[in-house]
Structures are given as structure tokens and as C-alpha cells.
Amino acid sequence: MIRKKCEVLSSRRAGVYHTLTLVAPEIAEVARPGQFVQIAVPEGREFLLRRPFSIHEASRRGGWAGTLELAFLGTGPGTTWLTQVQPHDFLDVIGPLGKPFPYPRQLTNCLLVGGGYGAAPLYFLAKELNARQKRVDMIIGARDQDRVFKQVEAKRLSVSIGITTEDGSLGDRGRVTDILPGMVSRTGAEVVYACGPNAMLRAVAAYCADHGIPCQVAVEELMACGLGVCWTCTVPVIRRDGSGWDNLRTCVEGPVFNGARVWWEKWLREPSVPTQTPPHGFRMEEAGVGGEPWPEHE
Amino acid sequence: MIRKKCEVLSSRRAGVYHTLTLVAPEIAEVARPGQFVQIAVPEGREFLLRRPFSIHEASRRGGWAGTLELAFLGTGPGTTWLTQVQPHDFLDVIGPLGKPFPYPRQLTNCLLVGGGYGAAPLYFLAKELNARQKRVDMIIGARDQDRVFKQVEAKRLSVSIGITTEDGSLGDRGRVTDILPGMVSRTGAEVVYACGPNAMLRAVAAYCADHGIPCQVAVEELMACGLGVCWTCTVPVIRRDGSGWDNLRTCVEGPVFNGARVWWEKWLREPSVPTQTPPHGFRMEEAGVGGEPWPEHE
Amino acid sequence: MARARVSLGVDLGGVQLPTPVLGASGTFGSGRELAPVLDLSKVGGIVTKSVTLRPVKGLPTPRMVETPSGMLNAIGLQNPGIDEFLEKEGPFIRGVGVPVILSIAGKSVEEFVQVAMRAQHVPGVVALEANISCPNVERRNQVFACHPDAAAEVVGAVARLSRLPVFAKLTPDVTDIVEVADACVRAGAHGISLINTLLAMAIDVETFRPRLGGVTGGLSGPAIRPVAVRAVYQVARALPEVPIIGMGGIRSARDAVEFLLAGAWAVAVGTASFWNPESVVDVGRGIGELLVRRGLRSPADLRARVVVEEEEAGEPAHRGG
Amino acid sequence: MARARVSLGVDLGGVQLPTPVLGASGTFGSGRELAPVLDLSKVGGIVTKSVTLRPVKGLPTPRMVETPSGMLNAIGLQNPGIDEFLEKEGPFIRGVGVPVILSIAGKSVEEFVQVAMRAQHVPGVVALEANISCPNVERRNQVFACHPDAAAEVVGAVARLSRLPVFAKLTPDVTDIVEVADACVRAGAHGISLINTLLAMAIDVETFRPRLGGVTGGLSGPAIRPVAVRAVYQVARALPEVPIIGMGGIRSARDAVEFLLAGAWAVAVGTASFWNPESVVDVGRGIGELLVRRGLRSPADLRARVVVEEEEAGEPAHRGG
Ligand SMILES: Cc1cc2nc3c(=O)[nH]c(=O)nc-3n(C[C@H](O)[C@H](O)[C@H](O)COP(=O)(O)OP(=O)(O)OC[C@H]3O[C@@H](n4cnc5c(N)ncnc54)[C@H](O)[C@@H]3O)c2cc1C
Ligand SMILES: Cc1cc2nc3c(=O)[nH]c(=O)nc-3n(C[C@H](O)[C@H](O)[C@H](O)COP(=O)(O)OP(=O)(O)OC[C@H]3O[C@@H](n4cnc5c(N)ncnc54)[C@H](O)[C@@H]3O)c2cc1C
Ligand SMILES: Cc1cc2nc3c(=O)[nH]c(=O)nc-3n(C[C@H](O)[C@H](O)[C@H](O)COP(=O)(O)O)c2cc1C
Ligand SMILES: Cc1cc2nc3c(=O)[nH]c(=O)nc-3n(C[C@H](O)[C@H](O)[C@H](O)COP(=O)(O)O)c2cc1C
Ligand code: FES
Ligand code: FES
């Protein structure tokens, strides 16, 4: 965790998304896919808290050495302000934060599933997986064509890609989960990584759990600090031994969690939650929990 | 009182001061010297209230027809923001507000005394007095040379001018009140108009009261609304018949008051206020209160 | 078409308002001052600056301080007294054409009653708002609204003797606002106005002096909105039949809808009028647009509609930390 | 030279702090989490997240909402329980080298006492802060700090049985905070911590749901500073001999000095650490610079130095309007 005033190298539009490139060698050097940064907002505004953003790219070598790239949507006041920052402005950045996506020990076929801006961290992940001689396939989902994030780059980084849009303006009409089973069998996926709206993650995790496919999800929860001190960002996660559950901090123990261990029903507050006790352990077994396919986080 | 979104025509520096020219025909048309405008600050900031500024110029005819000019110092967040507005930005302006400087009925020799940015409204006043064939002389006071406001223009508008700076970097070292007596006798001043720091106004008003010279001062008090509804901006003013005093609103009954009628001791909270009752009437007599030299405000 | 079916009118238990958005006491004058920059015919109503029996000169300046997303005021209820007030404002109130709620204040039960008696016969005045959250000098450091019994005493006396419905204006600076509201209603209050400003203070770090002539003052503005919404929610849950005028930091229709969802029957806009004198109208229009968008017919359709699941429910306790 | 004579140290009636600026409970962890971005050796001290007897899982998310110049939180005191806490954090606390005030919480007097007994022997812990402004489920919708007698009961029991000085952490959501503070001091509190968050609420106008899983939450941040300064001023005037730790919206040295002038002996920075994790250090440094500029030697020279003229004095009453 490093705090730096980082110069803005460039600020671009990518369809409906904005991308920001920051000069941040210390952070880029140690950043890993799935981690995020906290960006301070300007003083004198009525909103005060830092905004968290996944690391879309971290270039350690080559022309862009020592830079971080973020991708985001201008929605509320914070992100809208961020769309307006200019090259040579300086941003107060803290990162890298959180636990990265773990890489599989032996398994090789990786399917990356991204929804909306949630796809952002998957490109960084794909590169790292390729560098480890893993097979990478991708599914990119979005509401419509304009929201499909960097499909060209996705194609470049993966053996095959599937695209879904809710309005059918690009790829298949529907949701990523509609084409997930087909992609899994076609690509022989052994491991699934997902990032996007929590509802999507839940569906992907459920499918994987039911089919015994190890699945890592990068979730979002409201964060006041991003540093591990405020406990606002928790997600209910079932213990590895199934003995119970804990509210874990997205900013420290996450944002990447084992999809089979997140207690989705409780977290996303289905009125239909029947009980306060976690779902029985079988899912965890199938998901290979206990003998997990990746090394535990240090 | 008119509310308009006014385009910024120009934003310039004048020494330490900034001047802003706004396209505001409706307001300029009816504005009179001594009145002010309330400018809305941008949304999303932690400060919310409009900022009041005297009208430095209001051009009804000629090349700049329909424009308002303001002059100000960038001190706190509001004025600092205002120094950063760009031509073609639009500002939410309400004005003209408050009571203007009244013009003398018969008396002709007018001495205008300004301190710091407080001199701003006096140029507008000088023009109007000249247009009414009055004799205008000016005293401009400031902390130092850089803060002496538009001396060149002052010279142009008046028969003679006196300048004082506290550090002596320009004109006489000292305060406006040091040269006030000399200027009064030299110019045969029959009426004094003053605008500037409240402490300066108090001293000028005291001198005028003691010498029976009618004196109008434009004061400053904290204003939440500027529209007459909040009652935060009051100044204790002695009744014209001496029967007592009232807390009058700077934004409605002011900012221009008869210097002899402002109860300075109470308002500026000298610890030495002996009593809660207003000072005895003699000053008011000498200042010609009752038979005042100018028409009552409509 | 959809718009055609929507009506902004609300009925506060007999007090009819054309829109649910009022100008809050002390921030809207009598409405007259704002007429040049505001279409008064579009406001839901006007709550006048609080009036006392005799003229009050108020506190020394400075009377206000800007604070983060809010401001402090310490006016000290400056007003000309009920007689001069009615003389000066009576004709305007009679002619303004929108409901006027006359806010009354005093240092004693007796004073409240006398002001109320003089105020109640002015045409155009549809209700009284008893500002019992102002300084009560007969018991120092106390305001009537800080004590259920004191509050009930004042409100009860006014309610008994006045022909107009009485709204009790309460302060959030109490341990249990529901207890105070309940006492006022039992004593005869027609409705409750929430919230008045929070007791607060600011100090100039250069001069070491309080930044208000009155030393302490009242905090208002967006900063206090979450406290106000909570107060309205608590009182509305406890007294669902009692008309509530909610206020505190409202500057947009969305803010206002929060109050309606929490249980307010109408809302008042205070500090926001200072920077946007048209706030009261803008907020009303915005509520109308939201109703249309949601396919609702009346602001009453939003009242107390906040969805609180049973497991969550129960009296709100302090959840800080 | 001038600087040489200035010392930032303060003495809270025997509790020595190297600077008058602490990390506030629940916003600073145990300090360990912030070590990478903060020079802990430069903080005045650390107030830990409140710890209960048994582990607490806390409230469902969302646990926070941003509000104008502030935020709401509804964590529900999630913590691992005193035993696991001491196991995990004990070694760090022992070694951190700055004073640690351990914040304790509970649902009953008994629980407070048990936590205190376990906590008091940890080297490095110089005092306890009894967070009696957290939900008391044994009396619904109430917190100990809302009632002088309940507050005194808890604080008294802890103070009697613990060898460490006890600070009572109070909520501003009371009618008379001086009465509560006084009761705590009579019961044996060594000092008073002011203020905890204000009970507040926010509602999502699209979903009609509360924006907090806990429905209501605590308002913190710059928005509440004027309320906090007022609370400190009231308590300091009434209890000049009692050490006060002031907090509520502090983000700069100037903010902190307001609290010292109002009567705080030290201050704590809470929410500001979220956007500037170095706030505690920055505020301390800034106070030092201000002391130098004013030719003062110690933060104690600023304590309760607010100038209130006699005519103005007297217990603060509500001056709103
Ligand atoms: C680990 C993590 C990684 C993220 N990565 C990205 C990214 O790569 N690109 C991107 O566009 N967005 C990302 N987000 C979401 C992003 O942080 C929010 O969109 C942003 O904070 C919204 O701020 P705002 O002021 O524009 O909106 P507002 O809604 O006004 O924000 C109000 C408050 O809610 C919080 N908030 C709002 N939406 C979210 C959200 N979805 N998740 C968490 N906090 C939220 C804000 O941080 C702020 O504290 C990420 C969130 C998390 C937790
Ligand atoms: C009738 C009138 C005319 C004025 N004309 C001018 C002018 O022509 N040029 C100019 O530079 N300034 C003028 N001022 C002062 C100007 O309004 C303040 O300098 C400005 O509001 C400061 O805002 P800020 O955010 O920069 O400072 P801050 O100190 O942060 O302001 C905080 C609050 O205090 C108020 N405030 C601060 N200083 C003053 C002050 N001196 N008078 C009144 N309110 C104040 C602000 O309006 C704001 O509400 C005038 C004031 C009044 C009342
Ligand atoms: C996220 C969060 C968690 C908090 N947790 C606690 C707590 O566990 N115990 C406690 O006494 N106060 C807790 N507080 C209150 C703070 O210690 C402090 O009293 C309050 O936030 C006001 O200070 P601030 O405005 O500087 O944040 C918490 C505050 C926040 C924002
Ligand atoms: C300058 C000012 C003066 C006020 N005067 C009164 C008053 O006379 N009577 C009253 O009941 N409330 C008065 N109030 C309180 C408001 O009516 C309102 O309850 C409070 O400001 C909260 O609403 P807001 O945040 O929208 O301003 C005053 C508020 C302000 C800011
Ligand atoms: S955001 Fe504060 S602990 Fe995770
Ligand atoms: S500033 Fe509101 S009445 Fe003058």
C-alpha cells in the first residue's frame, strides 16, 4: 500500500467509458490483477471520500513503464469529476489495495467473464495468465454495444471471446450466463474469473459452484476508507472449513473472493433468505474448497 | 431585484484586485451607485451561500452597454473561485440590491473616501455625481501601493485626489482619516461618501459627525440571503428622530447608511460600550439629521 | 396525459396546500420580499418568520457563519412584534393567494397565547406554527421543546384558545423526540414541524472569539438533512395519523421525497432559498415530475412508503460504529 | 528557536500524550492497518475500534452513505471479541510506542466490566474509552449515554474495577449533555470523549429503501463539527477540571484549535483519516505551527481560551432564528 501524488499522463474516452493513465511507478511495480486504487477527490467539495477503481493496466516494462491505467464510467459526482481531470493534473492515489486474483497451480484453461466496466481488470489478468502459459478465453457482457468494453483488445488477449448485450446490439442478446455453459464446454474451462455487477457475479458463481468449477469473483461494496479501518465494505463469506461465516472486508480480504464461499443470499439481501445460517457445505466441496486449486493468499 | 444568468464578458487582474465584466442589461439599466449584486457559487461545493459584491461600474450606454463590472479580492473559497471564472462562463446573479447612495439636493462639493476594494463603488458614484454637475474629490486609502485601487481612473473622475498607504509606499503614509481634515478644507467638501473597512467608515463618520458634515457610508455585514428574508445582516441604526434605534438590514435598508446614524460602538462591539441606550442626539442634529441634505429613499 | 392525473395538492388533516412544499419560517420572510424573484402563486405555502408579542431587536452581529454544507444563524428572533407585523404584513397575507402559516414564539405560555389570539383572525392564515424551539429565557439553556411537559403546556394553551390548527415546531436536540411530539399531540397539537436547527457553535481561531454574536447558534442546511430525515422517520412511525411538516437541508425534489418517504405529509425549504430563492417552486415541480415518472397520483402516495424489512425494523437505535 | 520552546505534549490528568491529536475509535483500526501510509510515531495516540466481550458480526451492508460534507455509518460494532482482539493486536499495541486508548463496548454493565478487566493489563494501553453511545439492546432505542443514570452505572462499574483511567464517550443526541457528562464524572470517569456520531438516516428515492442495512446510522464528518464544538464548549464550561477529548468533523489544525479553544484537552480525528490517512499527523503538525506563530508553548495554552464577554455569557440557549 503506497500513497503518491500521481501525474495524469492521459485522459481518454473509450466508448461510454473513460480511461485515465497515471504515472505511478511504485504502484505499477507491485500491482497485480484484481487489486484497486483509492483516488482522493478535490478539497472544498461536499463529497469527501476517496473513490475506488480497479487497476485496468499496470505497465512495468516497455514504453509506458511505470504507469497505471484505470477505466470508469462518469456516473455520480466523483466519477464525473474524474472524467474532467486533465493531463499534468496530479491525483492523490493510494494503492495497490486488496487481494489480487490468484493464479491456478496446475489447471490451465481460464475463462474470464466481465460485465460493464467490470471487465476492466480482466485485461490485466489475461496478460498475466498468458505470460504463465495459461489458455485464456473471455466473455464480455454489457447493456448495449457502446458498453461492451474494449472487445478488440479482448480478442487480442484470448483464444476466443463471447459477447452478450441485453439489447442484442452486439453479440448474443442476453446475459453472460446465457452463453457461459456453452463457452465453458467449448473452451474446456477449468477455472473461471469474473468481475462485474454483483448480481452477475452471483449467477456466474452459482453456475460454477453447481458444476464444480473453481471461480474467483472481484466484488464491489461501498467503501469509506479502502484501507481496512472502517469496516463498511464487508461481504459475508463462508469459512473454508464450512464451520460458519464471517463478514470480510472487500478492501483487505477482497475484492477477490472464492465465488463458492460468498454467501450471496445474505449479502445481496434476497427477501427470500430463509435462515440466518450459511448454506450447507456441499457446494464448497464441489468447488474444491479445502483442497483449493490455487495457493492461499499470503 | 432581478435574477439572471449572466455571461462573463471578461475577467481581468487590476493589481491585487480582479475585475469581472458581466453581460447584464436588465440589471445595469436600473443599477445605481452603492447597490450590490449577489452571485451564486457553483453546486457541489461545501460552501453554499451567494457572495455579495458592490457594483463597480454599470454601463447603460456606449460600447459596453448593458454590462456590470465588479472588482474584488480573492480571499476565501468563494472569491478565489470567482477569480477563476472564464469569459463565456455564466453566473447566477441577483441585483441590483440594497439602497444606493443618495445624491445631495443643493450641496455641490462631494468628497469620496475609499479604502481597499471599498473604493470600487465610488467610481460609479463619481460618474453619476459628475453627470449632476457636482464637484468630486477623492481619497483612496490602502495597505500598500498594490492595493491602491485604480488611482489613474480616480484622477480622471475627480478634481483632486489624495492617496494614503499604511506603509507609505504610495501617497502619504497613514490612514485616510489622517488627510481627511486637510482634504475637507482644501476641497470645501460639503458632503462625504465613504466605502471601505467598517473601522475606517467609523472613523470617517465620527469626523464628519463632529464637524457637522453629512456623511453616507456603504457598510459590510455578513449576509446569508441578500434578499431581506434572513435578518443576518443587521446594523444598529439610530432613528432619525433620536427616539431610539433599530437593527436594520444591510441588504435592504443598507448597505448605504447615514454615517451619523449608525451606532458604531454597539455594532463594532467595543468592549467599552457603557450602556445599551443610543448616544444622545446632538451628533444627529449637527449631522443635519431631521432636515437631511438629501431626499429620503423612496 | 399521465401528468394530467397528477395533483400536487396535499391535505394536512384539513389544512389544504396546493403543493407539499412550504417556505420555512425565518428563511422566507412573509413571502413579500421574494416576490420579485419567485412566482409566489406556485408555492405550497408560506411559514412566516416567528413573531413575538412585543418587538425584539435580536442578537448582535455576526449573526451567521458558513460551515461545511451548512450555516449557523443566531438572529435572536428579531421581529417587530405581532401588532406591527399584522399591520405591515396583514394586507399582503390577505392577498397573497397561497396558504400562510403564521409562526409564533414567546418566552412564556402567556406570551404564546396572546400572540396566537391576535394572529388567528387574519384572513389567509390557515394555521399557526408554535416555534417552541427558540430560547426560553425563563429557564436558561432550555427551550420548551426540550421538555415534553413544557412543550405540552405551551402547545396545549395555544391549541385550546385558538381557532386555528397548531403545528408544534420541534428541535432535534433532545434525547427522545417522539416523546416530545407525542406530548404535543396529546396536548392538542394538530401537527408537528420537524426540525428546527441544531444547537451549534463556531470559534474564530485568529481572534479566539465565537464567530456568532450570540456565541451559539442554529445549524441548518444540507449538512443536517440525515438528522432531519431520521427525526421525521421516528415521529411518523410513532404517530402515523399526525400531519408532519418535514424540513432540514432540503434543496432538491429528491431531498424532499426522502422526507415524504420517511413519513412527512409536506416539507419546508429553508436555507436553500438563500442561494436559490426559487427552491420552493423548483422542489414542488420536481416532486410532480417524480410522481409522473413513478406513475403516482399524489405526494400522499409517497408518504411513509420507506420499505423497512421486519428483521431490520424496531425502534431505531444508535448504530454509529 | 521559537519552535524549540514549543512542546506538543499534553497531560490529560495523568494520561500523557506526545501530541494532542488521536486517531478516533473505529476510524483508525488499531493503527496497524495505516502504518504503510502513516508515520505512527508522530501520532498523539490511538483509540482502538470498540471491542466487545464476544465476537460481533455487525450489520448487513450497505454500511455507509455519503452525505453533504459527511457520511453515515452503520457497522454495528463488528469486532472479533476482546480475546481474539488482544491475541491479534496485543503484540502490536505493546510495540507501537504511542499511547493506546482501548475502546470498549457492551450491551450490559456486566459485559463492559468483563471487557475492561481483560483489556486493562495490556502493556501500551494507557486508558479505556467506554463507548456508551452504541446500541443498547436491553433497552430498545436507547443508548447508555442517553440517560445520566444508565451512563453512570456503566462508567462507575468500569472505573471502580479497572486500574486504568476511563473516558466516557458521549453522544450529542441528548437534551442535556452536561448532565450526562457530570453523572459520568461523579461515577468515576477520568475524562469525557465528545462526540460520537449523530443518529441519522438516508433513504434511496429510487428503491424507497433505507440506504443503510441498519436502517439508521451515525452521521460524522465536517458537517457535524459545529455541533461537536458546541458540546465540548458546554461540557468544558461546566466541568473545567475534567479532561475532554474533543472530536467531530476535524480535518485541519484550524478545526482542532476550535475544539481546544472551546475547552478540549486533546482531540481525535475520525472520518478525515479515510480520505487523508495522515490527517492525525498533519493536524498535530499544524497545531505546532500555530503555537509557534502565536508565541505559545503548549496546546494547553489554547485550552478553553475562547473569549466570551460577560453580557454574552450564560448557558448557551438555542439561538436558531
Ligand atoms: C474494488 C472496487 C473497484 C472498482 N472499480 C471500478 C472501475 O474500475 N471502474 C468504475 O467505473 N468503477 C469502479 N468501481 C465503482 C466506483 O468506485 C464507483 O462507481 C464510484 O466510487 C462512484 O463514485 P461517484 O461519486 O461517481 O458516485 P456516487 O454514487 O455519488 O458515490 C457515492 C458513494 O458511494 C460509493 N459508490 C458508488 N457506487 C459504488 C460502487 N459501484 N462500488 C463501490 N462504491 C460505490 C462512492 O465511492 C461514494 O463513496 C469500483 C468499486 C470498487 C469497490
Ligand atoms: C454589500 C457588500 C458589498 C461587497 N462588495 C465587495 C466588493 O466589491 N469587492 C470585494 O472584494 N468584496 C466585497 N464584499 C465582501 C465580499 O462579499 C466577501 O469578500 C466575500 O463574500 C468573501 O467570500 P469568500 O468565500 O471568499 O470568503 P469567506 O470568508 O470564506 O466567506 C465566508 C462567508 O462570510 C461572508 N463574508 C466574508 N467576508 C465578508 C465581508 N467582508 N462582507 C460580507 N460578507 C463576508 C461570505 O459571503 C460567506 O458567506 C462586499 C460585501 C458586502 C456585504
Ligand atoms: C465508520 C465509523 C466507525 C466508527 N466506529 C466507532 C466505534 O467503534 N466506537 C466509537 O466510540 N466511535 C466510533 N465512531 C465514531 C468516531 O469515533 C467519532 O466519534 C465520530 O465519527 C465523529 O468524529 P469524526 O467526524 O471526525 O469522524 C465511528 C465513526 C465512523 C465514521
Ligand atoms: C437564518 C434563519 C432563521 C430562522 N428563523 C426561524 C424562525 O424564526 N422560526 C423558526 O421556527 N425557525 C427558524 N429557522 C429554522 C428553519 O425554519 C428550519 O427549521 C431550519 O433552518 C432547517 O431547515 P433548512 O436546513 O432547510 O434551513 C431559521 C433558520 C435560518 C437559517
Ligand atoms: S473500506 Fe474501510 S475497511 Fe474496507
Ligand atoms: S442578508 Fe438576509 S436579510 Fe440581509
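Listed by chain and number, the residues in a salt bridge (Lys or Arg N to Asp or Glu O under 4.0 Å) with D:D182 are D:R186 (sequence neighbours excluded).
Rounded to the nearest 0.5 Å, atoms OG1 (D:T67) and CE (D:M201) are 14.0 Å apart.
Of residues 254-264 of chain D, those residues lying under 4.5 Å from chain C by any heavy-atom pair are D:R254, D:V257, D:E258, D:L261, D:A262.
For D:R211, no part lies near chain C; criterion is any non-hydrogen pair under 4.5 Å. Heavy atoms closer than 4.5 Å to chain C are found nowhere in D:R63, neither backbone nor side chain. The contact between C:D204 and chain D is made entirely by backbone atoms, counting heavy-atom distances below 4.5 Å. For D:L302, the part lying near chain C is the side chain, with the backbone staying farther off; criterion is any non-hydrogen pair under 4.5 Å. Residue C:R294 touches chain D through its side chain alone, counting heavy-atom pairs closer than 4.5 Å.
By number of non-hydrogen pairs under 4.5 angstrom with chain C, the leading residue of D:S50, D:P222, D:G26, D:G70 is D:P222. Comparing C:P226, C:A202, C:A105 by heavy-atom pairs within less than 4.5 Å of chain D, the highest count is held by C:P226. When C:S25, C:G221, C:A223, C:S69 are compared by the number of non-hydrogen pairs under 4.5 Å with chain D, C:S69 comes out ahead. The most heavy-atom pairs under 4.5 Å with chain C, out of D:V205, D:L72, D:V180, come from D:V205. Chain D forms more heavy-atom pairs under 4.5 Å with one residue of C:I177, C:T207, C:V227, C:V65 than with any other, namely C:V227.
At distances below 3.5 Å, not a single donor-acceptor pair connects side-chain atoms of D:R225 with backbone N or O atoms of D:G248. Side chain of D:R303 to backbone of D:P299: no donor-acceptor contact under 3.5 angstrom is found. In this structure a side-chain-to-backbone donor-acceptor pair under 3.5 Å is missing from C:N73 to C:M64.
For the pair D:I132/D:F112, a side-chain contact is recorded, criterion being any heavy-atom separation below 4.5 Å from C-beta on. At least one side-chain heavy atom of D:V143 sits less than 4.5 Å from a side-chain heavy atom of D:T171.
The side chain to side chain contact (heavy atoms under 4.5 Å, CB included) test with D:S103 is passed by exactly one of D:N131, D:V51, D:L77: D:N131.
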Working for side chain to side chain contact (heavy atoms under 4.5 Å, CB included), residues C:L170 and C:N196: CA-CA 6 Å; C:L170 303 186; C:N196 210 319; over 6 Å; no

D:T271 vs D:S220, side chain to side chain donor-acceptor pair (under 3.5 Å): CA-CA, chis, key distance, verdict: CA-CA 7 Å; D:T271 308; D:S220 66; 2.7 Å; yes

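D:T175 and C:T175 are linked by a side-chain donor-acceptor pair at a separation below 3.5 angstrom, with hydrogens and angles left out of the test.
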